[in-house]
Amino acid sequence: MTEEDLKHMVFKKNPEITYTRKAGIITIVREQNHPIQKFFRKLRMNIPEKSYLEMDEYGSYVFTKVNGQRNAYEIGKELAEKFPDTDKYRYTRLILFLQQIENVDHLIERVS
């Protein structure tokens with residue numbers, strides 16, 4: 001991807017996502033309200049009502065920088081300051097992470 005492509009990639013957090021932040025680490029809280037899960041709970045199966053996804057320091061930092069205004073290029077520049085050892089594959093890793101939490105986990109949405 002070119003620098004210009006990165007400048008056109010802007011994401012915002014999904015407003016339906018609930019998360020907590022503790023000591024810089026983001027934990028995503030997901031409700032487990034699927035009808036099948038509710039059915040098995042009635043049968044006294046041990047199905048938790050919530051699941052938790054804890055991000056590492058890198059992922060938490062990126063997630064906090066996503067605000068609907070910063071583009072991927074700006075986030076990458078801030079990553080270079082915070083994690084200087086990630087310079088070699090910084091944008092490749094960043095784009096893969098953003099695509100993962102957008103398309104698979106649905107934590108963010110693309111604005112432009």
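Worth knowing before you read on, the calculation uses all heavy atoms, side chains too, and leaves out hydrogens, waters and symmetry mates.
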Asks: My understanding is that only residues two or more places apart in sequence, or in another chain, count here; which of them pass salt bridge (charged side-chain N to carboxylate O under 4.0 Å, His left out) with E4?
Replies: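 Salt bridge (charged side-chain N to carboxylate O under 4.0 Å, His left out) list for E4, sorted by chain: empty.
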
Asks: Closest heavy-atom contact between S60 and G24?
Replies: CB-O, 3.3 Å

Asks: Can you pull out every ring pair (Phe, Tyr, Trp, His ring centres under 6.0 Å) where at least one residue sits in residues 7-46? Sequence neighbours excluded, please.
Replies: Y19-F63

Asks: Could you go through I17 and D105, starting from their C-alpha distance and side-chain angles, then the distance that decides it, and tell me whether this counts as side-chain contact (heavy atoms from CB on, under 4.5 Å)?
Replies: CA-CA 10 Å; I17 297 299; D105 297 324; over 6 Å; no

Asks: Atom OG1 in T18, atom CD1 in I28: separation rounded to 0.5 Å?
Replies: 9.0 Å

Asks: Output side-chain donor-acceptor pairs under 3.5 Å for residues 73-80, partner residues at least two apart or in another chain, one line each.
Replies:
| from | atom 1 | to | atom 2 | distance (Å) |
| --- | --- | --- | --- | --- |
| E74 | OE1 | N71 | N | 3.2 |
| E78 | OE1 | K65 | NZ | 3.4 |
| E78 | OE2 | R70 | NE | 3.1 |

Asks: Under the side-chain hydrogen bond (donor to acceptor under 3.5 Å, both in side chains) test, which residues partner E81, sequence neighbours left out?
Replies: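 Result, side-chain hydrogen bond (donor to acceptor under 3.5 Å, both in side chains) vs E81: none returned.
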
Asks: Partners of S112 by side-chain contact (heavy atoms from CB on, under 4.5 Å), sequence neighbours excluded?
Replies: V10

Asks: Tracing side-chain links under 4.5 Å among I, L, V, M, F, W and Y, which residues wind up in one group with Y89?
Replies: none

Asks: To the nearest 0.5 Å, what is the distance between CZ on R90 and CG on D85?
Replies: 11.0 Å

Asks: Mind checking what makes side-chain contact (heavy atoms from CB on, under 4.5 Å) contact with N33, not counting sequence neighbours?
Replies: E31, K38

Asks: Can you name the residues that form a side-chain hydrogen bond (donor to acceptor under 3.5 Å, both in side chains) with T2, not counting sequence neighbours?
Replies: D5

Asks: How far does CG of L98 sit from CG of N103, to the nearest 0.5 angstrom?
Replies: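 Answer rounded to 0.5 Å: 10.5 Å.
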
Asks: For F83, does the six-membered ring have the charged nitrogen or CZ of R93 within the cation-pi criterion, i.e. under 6.0 angstrom from the centroid and within 45° of the normal?
Replies: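 No.
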
Asks: Considering residues at least two apart in sequence or located in another chain, which fulfil the side-chain hydrogen bond (donor to acceptor under 3.5 Å, both in side chains) criterion with Q69?
Replies: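 Listed in chain order: nothing, the list is empty.
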
Asks: Which pairs with one or both residues in residues 9-29 pass salt bridge (charged side-chain N to carboxylate O under 4.0 Å, His left out), sequence neighbours excluded?
Replies: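 Every pair satisfying salt bridge (charged side-chain N to carboxylate O under 4.0 Å, His left out) with a residue in residues 9-29: K12-E109.
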
Asks: Are there more than 12 heavy atoms of other residues, nucleotides or ligands under 6.0 Å from atom CG of L43?
Replies: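 Yes - once you tally the heavy atoms of other residues, nucleotides and ligands closer than 6.0 Å, there are more than 12.
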
Asks: For residues 46-57, please give each side-chain donor-acceptor pair under 3.5 Å, one per line with the distance, not counting sequence neighbours.
Replies:
| from | atom 1 | to | atom 2 | distance (Å) |
| --- | --- | --- | --- | --- |
| S51 | OG | Q32 | NE2 | 2.6 |
| D56 | OD1 | G59 | N | 2.8 |

Asks: Shortest non-hydrogen contact from L107 to R30?
Replies: CD2-NH2, 3.7 Å

